[in-house]
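Inspection log for the structure reproduced underneath, given as structure tokens.
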Amino acid sequence: MKINKLSTNGKIVLLAFFIIAFTFLVAGILLLNNLANNDETDLGQRAMLVAQTVSDLPEVQKQLEYTDTKENSLAFNQMINRIKVINNAQYIVVMNMDSVKLSHPSSGQIGQVSQSSDIQAAFNENYYISKAVGEQGIVVRAFVPVLNDEHKQIGVVVVGILLPTFLELILENLNEMIVTILLSILFSIWGARTLGRHIKKQMFGLEPHEIAKMYVERTETFNAMHEGIIAVDKEMKITIFNKKASRILGVGGNPKKYIGKNIYDVLPDTRLPEIVESGRAVYNQEIYVNNHSILSNRIPIFVSGQAAGAVAIFKDLTEFKQLAEELTGVKAFVQALRIQTHEYKNKLHTIAGLLQLGHNKQALDYLSQVKIQHEQVTKFLNERIYNENISGLLLSKISRGNELGIQVLIDEESKLTRFPEQLDHHDFVVLFGNLIENAFDALVAVEREQKEVTISIDDNDGILAILVADNGVGMAPDQVEKIFENGFSTKHSKNRGIGLYLIHEMITKGNGSIEIVSEEGKGTTFILTFEL
């Protein structure tokens, strides 16, 4: 079977085998080298012990002092050979102070002068160990001086022990090595198979090439979407960052380079970390990220019931605001036409009735009064409100209030010349529209002879202050605390609880503040403040 056809388990087991084999090869070399070093140390100490023992023998001291007879020399050499055999030494050489060998495994060397280059130190009463290469291999040698009873040096004893080769070391430990290798391979294969099954389970039974294919398909799918997508793991590292997100948020370069980076280092204001920490999703929220206004859905990601990260799916609000502006304009135009049609129909009925009754002068006076009121309101709004969208909205709400029997009063000192940073006229259309409509709802629900909504806009000294007050039903303290929650409403009907939530989001985006004063049965006042 070819390697590229193997399953995940097979590949892991095969890889584990090669890793184990290589590990044992390296470990074996290191172990044998360590054994060789230990043997060298042990054999050196043994050679030194044997050399010291030989140097203390009376026969050795006697032979070094009396070397005249050949018979004594032969007997002495036989004794030394027996000691060599007993201690498994390669050789034991006894030399007098003239470096003449009195004993040697080779009889031809007896009586010869030693030519060894590392022996001179031993004739100065030095004890030491050295290595030398002999005919049969490397020999560790111990040099010990021989002292007589007067502590005068009379000779030197040299003991050489042959070091084992690597092959001999392997053969000596072969059984232990075989058992260790077999057990290690057995447990390693078992562990590799167990690990392989666990990994495959974690990968939902998919092979690595299948996961790679899915990753490429996922990346291309995300890049083909018209929404921006950013995802982070629980360590706040970016796992998804598609091309649309890069374009919407104005982040330069290839978005792939941001994968693996901390979200705070790339976009510190995405508000994704709070989703990871809370584990709660947030839908259709307008937020400001990297100086771009977006409509965001942020959803936590759970794996096996544990929080694993969060994903944000968002759209650029610029195009939506353009569409909303068109829709809002058409809707406001239609509503204004409806209100004006109804209002002027009533006024025409009044004029027609006066004319039918013959009250021509009263009809003219009434017509003149209506004209003056309309011109005054229109002139006031055009002069004090420098945005036609806001002035058109306020004019529409005045007419709407008249239709509902509610008087909409705008403070004569009101003035609006500019908007706070981060906000525009779209935001203020939503803001004024929701506040005034809430006031209308509060007044419709109450029986009162004089129903009023008061509006004040103060644009002075770098501060924009907006007041919208009504004398409607008011709110209880516990309702005031919950009023900005998404979905909360004092009116039990569908599609409620959104307006004030949006207002709160706009105040947050514009770094403003809001104060609510409300009393049940007396009315509610909203005071909004922004820095310009």
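Reckoned from all heavy atoms, side chains included, excluding hydrogens, waters and symmetry mates. Given the structure is predicted, the values throughout are model-derived calculations rather than measurements.
Panel note: side chain Asn262, backbone Lys237; no donor-acceptor pair is recorded below 3.5 Å. Of the possible donor and acceptor atoms, one in the side chain of Asp424 sits under 3.5 Å from a partner among the backbone N and O of His426. Arg448 contributes no side-chain N or O that, together with a main-chain N or O of Leu443, makes up a donor-acceptor pair within less than 3.5 Å. Judged by distance alone, with hydrogens and angles left aside, the side-chain atoms of Asn471 form no donor-acceptor pair with the main-chain N or O of Lys451 at under 3.5 Å. Judged by distance alone, the side chain of Asn402 and the main-chain N or O of Ile398 form a donor-acceptor pair under 3.5 Å. Of the possible donor and acceptor atoms, none in the side chain of Gln306 sits under 3.5 Å from a partner among the backbone N and O of Val303. A donor-acceptor pair under 3.5 Å links the side-chain atoms of Ser246 to the main chain of Val251, judged by distance alone. Within the 3.5 Å criterion, the main-chain N or O of Lys257 finds no donor-acceptor partner in the side chain of Asn254. No donor-acceptor distance shorter than 3.5 angstrom exists from the side chain of Asn389 to the backbone of His425, with no hydrogens or angles considered.
Distance check: Ile483 CD1 to Thr524 OG1 gives 7.0 Å after rounding to the nearest 0.5 Å. With values rounded to the nearest 0.5 angstrom, Ile466 atom CD1 is found 4.5 Å from Phe428 atom CZ. Taking CD1 of Ile507 as the reference point, atom CG of Asn511 lies at 11.5 Å (rounded to 0.5 Å). The CG atom of Leu528 sits 7.0 Å away from atom CD1 of Ile503, with the distance rounded to the nearest 0.5 Å. Separation of atoms CD (Gln422) and CG (Asp427) is listed at 10.0 Å; rounding is to 0.5 Å. Note: Ile457 CD1 to Ile410 CD1 = 7.0 Å, rounded to the nearest 0.5 Å.
A pairwise comparison of heavy atoms in Ile455 and Ser414 identifies O-OG, 4.0 Å as the closest pair. Here the closest non-hydrogen pair linking Gln285 and Val282 is OE1-CG1, 3.6 Å. Closest heavy-atom contact between Met506 and Val430: CE-CG1, 3.2 Å. When all heavy atoms of Ile275 and Ala310 are compared, the pair lying nearest together is CG2-CB, 3.9 Å. Across all their heavy atoms, Gly279 and Phe302 have their closest contact at O-CZ, 3.8 Å. When all heavy atoms are compared, the tightest approach of Ser296 to Phe314 is CA-CB, 3.9 Å.
Counting only heavy atoms from C-beta outward, the side chains of Ile514 and Ile527 never approach each other to under 4.5 Å. Between Ile248 and Ile294, some side-chain heavy-atom pair lies under the 4.5 Å cut-off.
Side-chain atoms of Thr417 and Asp459 include a donor-acceptor pair closer than 3.5 Å.
Between Glu437 and Lys397, at least one side-chain N (NZ, or NE/NH1/NH2) sits under 4.0 Å from a carboxylate O, which counts as a salt bridge. Salt bridge status for Glu274 with Arg298: present, with a side-chain N to carboxylate O gap under 4.0 Å.
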